[in-house]
Amino acid sequence: MYTYNDYIKEEKLPHIWCAGCGNGIVLNALLHALADMQIPPEEVVIVTGSGCLARLVTYPNTSTIKMLHGRVLAGATGIKLANPNLKVFCLMGDGDGATIGGNHLIHCARRNIDVTAIICNNFNYGMTGGQYSATTPYGAITTTSRYGLVEENFNMAELVKACGAPYVARCSATDVLNLRKYIIEATQKKGFGFIEVLSACVTHYGKNNKMGDAPNMMRQIDSMCVPAARAKNMTEEELAGKYITGKLVDRNDLIDFGTSYQRLREEVTAK
Amino acid sequence: MKAAITLHEKRCKGCGICAAFCPRRVYDIKPGEKVTVARPEDCIACRMCEFRCPDLALEVTKL
Ligand SMILES: Cc1ncc(C[n+]2csc(CCOP(=O)(O)OP(=O)(O)O)c2C)c(N)n1
Ligand code: SF4
Ligand code: SF4
């Protein structure tokens, strides 16, 4: 029987993130989900890239590896295919996962690689000083959009859904019980499991957009969320600037890459 | 008492999330300071502060 404490290196705390940063909430949810699933720590690989969130590798008592910035899913694909018995968790910032790594995101979803991918969307590049990313909303103030951003952002959950992922969910970082549930479901799904967590970079995005202290910022993020069931009855105008949350895709009709490849190999070698 | 609350003070950065979101107002916090467990007897052991604390500084055990 594993407990939460088996998955964390307590001696490494306090962690390096700013007061109120949502990254810690995601780390906490992941560790709780691992304990819930009772996955032996030695069978877990946590993969990150570059950025504040990527520093997460310091804290879990599991295998961890940091890839080049944006190459989290590429590395994770290799790990999973080399040893399909491992449970591979890809933790990315929105810069890492959707901007510099956007190409890997769409193809990993399309190829249906059996990993769990979590993007902690704090709407900017936190580590390098709050520049805009591909998920920064139109009009937002960032270090590189002082008068407001003139680009539209990706709707990541919809993007990954369109690429054919069998599991997609989205929630805010304060929605902790659902977050933990989604991590478990995404892990148990044979195929690409994707979760977008709407999170707070208090130090840059929050300050730049005058969102107040950590609790205030979290509340504002919560107020941007609309549960999928409620969104169904809302107009496009009403949904402008909102994020539809909940379990958005849950399919069992797709075969993951690893399984298809193994089948083909068996067929070819049997000849 | 319905719950025992452990606050790892070294880890707390005083963000105020636990205090703001606690449904029973168990915590007090002053700007720039760490949180204090002011009213532990009011805790209903929902554990939401434990899961929401970004610094893994809280543990709530149901009694
Ligand atoms: C190839 C490469 N380009 C640029 C950088 C600089 N860099 C480091 S972290 C980062 C952005 C990280 O932002 P995000 O992934 O959103 O994570 P956050 O810091 O917000 O958690 C960038 C651009 C780098 N390390 N490597
Ligand atoms: S800079 Fe932003 S993302 Fe980085 S640790 Fe601080 S609050 Fe978190
Ligand atoms: S949520 Fe955690 S870090 Fe923030 S004030 Fe409460 S105990 Fe401290």
Side-chain angles (χ1 to χ4, degrees), chain A residues 3-5 7-33 35-36 52-53 56 58-60 120 122 171-181 183 197 199-203 206 212-222, chain B:
Chain A
T3 65
Y4 178 87
N5 289 334
Y7 295 92
I8 183 159
K9 290 181 183 156
E10 281 203 85
E11 69 280 10
K12 298 284 185 189
L13 297 173
H15 59 52
I16 48 109
W17 296 311
C18 305
C21 173
N23 290 344
I25 305 179
V26 176
L27 168 66
N28 202 1
L30 174 65
L31 298 175
H32 276 292
D36 289 348
C52 293
L53 181 82
L56 184 142
T58 312
Y59 311 107
C120 190
N122 62 12
C171 65
S172 92
T174 60
D175 192 3
V176 280
L177 297 181
N178 276 325
L179 173 56
R180 183 160 155 189
K181 187 180 86 178
I183 295 173
V197 188
S199 184
C201 170
V202 181
T203 302
D213 59 5
N216 264 312
M217 190 171 179
M218 291 290 182
R219 285 208 180 93
Q220 286 183 55
I221 291 170
D222 288 349
Chain B
M1 290 284 238
K2 288 200 179 118
I5 302 174
T6 310
L7 167 66
H8 299 277
E9 238 179 274
K10 260 198 193 149
R11 300 182 198 167
C12 172
K13 293 181 189 141
C15 70
I17 288 176
C18 56
F21 284 87
C22 174
R24 301 303 295 262
R25 305 197 167 273
V26 165
Y27 300 97
D28 275 347
I29 188 152
K30 291 191 194 120
E33 288 181 23
K34 295 184 187 221
V35 80
T36 51
V37 191
R39 288 164 292 279
E41 65 281 1
D42 290 348
C43 175
I44 50 168
C46 70
R47 297 180 73 195
M48 296 311 281
C49 58
E50 177 179 352
F51 302 142
R52 286 193 179 123
C53 169
D55 286 277
L56 290 71
L58 290 167
E59 276 172 64
V60 180
T61 317
K62 212 174 182 154
L63 294 178

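Chain naming here is simple, since letters A, B, ... match the order of the sequence lines and numbering starts at 1 in each. Keep in mind that what you see is a predicted model, and the values were worked out from it rather than measured.
Residues B:C15 and A:A19 approach most closely at CB-C, 3.9 Å, considering heavy atoms. Pairing each heavy atom of A:W17 with each of B:K13, the nearest pair is O-NZ, 2.6 Å. Residues A:P14 and B:K10 come closest through the heavy atom pair CG-O, 3.7 Å. The heavy-atom pair separating A:C21 from B:P54 by the smallest distance is O-CB, 3.2 Å.
For a residue to count as touching a neighbouring chain, one of its non-hydrogen atoms must lie under 4.5 Å from one of that chain's; by this rule A:H32 touches chain B with the side chain only. Heavy atoms closer than 4.5 Å to chain B are found nowhere in A:L179, neither backbone nor side chain. With a 4.5 Å cut-off on non-hydrogen atoms, A:Y4 touches chain B through its side chain but not through its backbone. Within the 4.5 angstrom heavy-atom criterion, no atom of B:C18 approaches chain A.
Heavy atoms of other residues, nucleotides or ligands lying less than 6.0 angstrom from NZ of A:K9 number more than 12. Atom CZ of B:R39 has more than 12 neighbouring heavy atoms from other residues, nucleotides or ligands inside a 6.0 Å radius.
With A:H15 contributing its side chain and B:L56 its backbone, the two residues share no donor-acceptor pair below 3.5 Å. Side-chain atoms of A:R219 come within 3.5 Å of backbone N or O of B:A20 as a donor-acceptor pair.
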Practice problem: Could you walk me through whether B:F21 and A:D222 pass side chain to side chain contact (heavy atoms under 4.5 Å, CB included), step by step? | Solution: CA-CA 12 Å; B:F21 284 87; A:D222 288 349; 4.0 Å; yes
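Residues B:M48 and A:L177 are in side-chain contact: their nearest non-hydrogen atoms beyond the backbone lie under 4.5 Å apart. Between B:I17 and A:M218 the shortest side-chain heavy-atom distance falls below 4.5 Å.
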